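Quick note: numbers below take in every heavy atom, side chains included, and nothing from hydrogens, waters or symmetry partners. Here the structure is a predicted model, which is why all the values come from computation and not from measurement.
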Amino acid sequence: SVTMTFRWGGAAFVLAFVSSTVTAFFVWQACISLATVLWLWGATYKNLPEGEHSAQASIDVIKNARKFAGGMFLISITVLILTNLDKIILSTSVPLSDYGYYTLTVTAVGGLTYLSSPIIQAMLPKLAELHENGNSDQFSDIYHTAAQMVSIVLGSASWLVIFFSD
């Protein structure tokens with residue numbers, strides 16, 4: 001997307017030509033985040049139809065969504081803790097160089113999941129339709145085909161990483 005291009009391409013530019021400090025990197029990230037929020041805010045209000053009434057917050061709506069919002073908040077906190085617990089533990093128990101290798105590996109493995117995303121996104125609508133219509137035979141065929149495709153793509157990429165690592 002455009003914002004990601006500016007976020008990471010701009011960060012590379014800032015680090016290469018302006019300042020190669022961590023502070024410069026995070027200042028750039030903060031500026032792009034603010035610009036993205038402002039751009040999305042403006043685009044949202046530009047594309048919303050005119051309403052009969054002005055938008056107002058309603059405490060009743062908030063009260064009705066309280067259980068759902070609380071559950072989503074607890075799930076988010078749990079995911080945040082579980083996805084970062086390993087990093088917190090390792091950052092205090094292993095040398096910084098080993099932790100750097102671990103972080104690089106986790107990032108590379110996480111990047112592999114991007115290879116399977118197009119296959120999954122292409123198959124999910126058809127799988128949802130087949131499930132809704134109760135067509136389990138065709139659902140099973142397409143599911144297994146998609147799983148094999150993901151296995152081939154991720155397996156091939158994984159073997160490349162394994163064989164060409166030091």
**Request:** Determine, step by step, whether Trp159 and Ile162 satisfy the side chain to side chain contact (heavy atoms under 4.5 Å, CB included) criterion, reporting the C-alpha distance in whole Å, the side-chain angles of both residues, the deciding distance to 0.1 Å, and the verdict.
**Result:** CA-CA 5 Å; Trp159 281 111; Ile162 290 167; 4.1 Å; yes
With rounding to the nearest 0.5 Å, note down the distance linking [atom1] in [X] to [atom2] in [Y].
X: Thr145; Y: Asp141; atom1: OG1; atom2: CG; result: 6.5 Å
X: Gln148; Y: Tyr143; atom1: CD; atom2: OH; result: 11.0 Å
X: Met149; Y: Leu115; atom1: CE; atom2: CG; result: 12.5 Å
X: Trp28; Y: Phe6; atom1: CH2; atom2: CZ; result: 7.5 Å
X: Leu82; Y: Ile77; atom1: CG; atom2: CD1; result: 11.0 Å
X: His131; Y: Ile142; atom1: NE2; atom2: CD1; result: 14.0 Å

Establish whether [X] and [Y] are linked, either directly or via other cluster members, by ILVMFWY side-chain heavy-atom contacts under 4.5 Å.
X: Leu124; Y: Leu154; value: yes
X: Tyr114; Y: Ile152; value: no
X: Leu104; Y: Val106; value: no
X: Ile120; Y: Val153; value: yes
X: Ile32; Y: Leu15; value: no

**Request:** May I have the step-by-step check of side chain to side chain contact (heavy atoms under 4.5 Å, CB included) for Asp86 and Tyr102, ending in yes or no?
**Result:** CA-CA 10 Å; Asp86 61 333; Tyr102 173 78; 2.3 Å; yes
**Asked** Any idea which heavy atoms bring Trp8 and Gln29 closest together, and the distance?
**Response**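 It is CZ3-NE2, 3.9 Å.
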**Item:** Exercise: identify the closest heavy-atom pair between Ala24 and Ser19
**Value:**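 It is CB-O, 3.6 Å.
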**Message:** Show, in sequence, the C-alpha distance, side-chain angles and deciding distance for Leu127 and Met123, and conclude whether the side chain to side chain contact (heavy atoms under 4.5 Å, CB included) test is met.
**Reply:** CA-CA 6 Å; Leu127 289 173; Met123 297 294 186; 4.3 Å; yes
**Message:** Looking at Lys87, is its backbone amide N or carbonyl O close enough to the side chain of Ser91 to form a donor-acceptor pair, meaning the two atoms are under 3.5 Å apart?
**Reply:**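 Between the backbone of Lys87 and the side chain of Ser91 there is a qualifying donor-acceptor contact (under 3.5 Å).
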**Item:** Neighbour count above 12 (heavy atom, 6.0 Å) for Leu96 CG
**Value:** no
**Message:** Using side chain to side chain donor-acceptor pair (under 3.5 Å), reason through Thr23 and Thr21 one step at a time and then give a plain yes or no.
**Reply:** CA-CA 5 Å; Thr23 303; Thr21 64; 4.7 Å; no
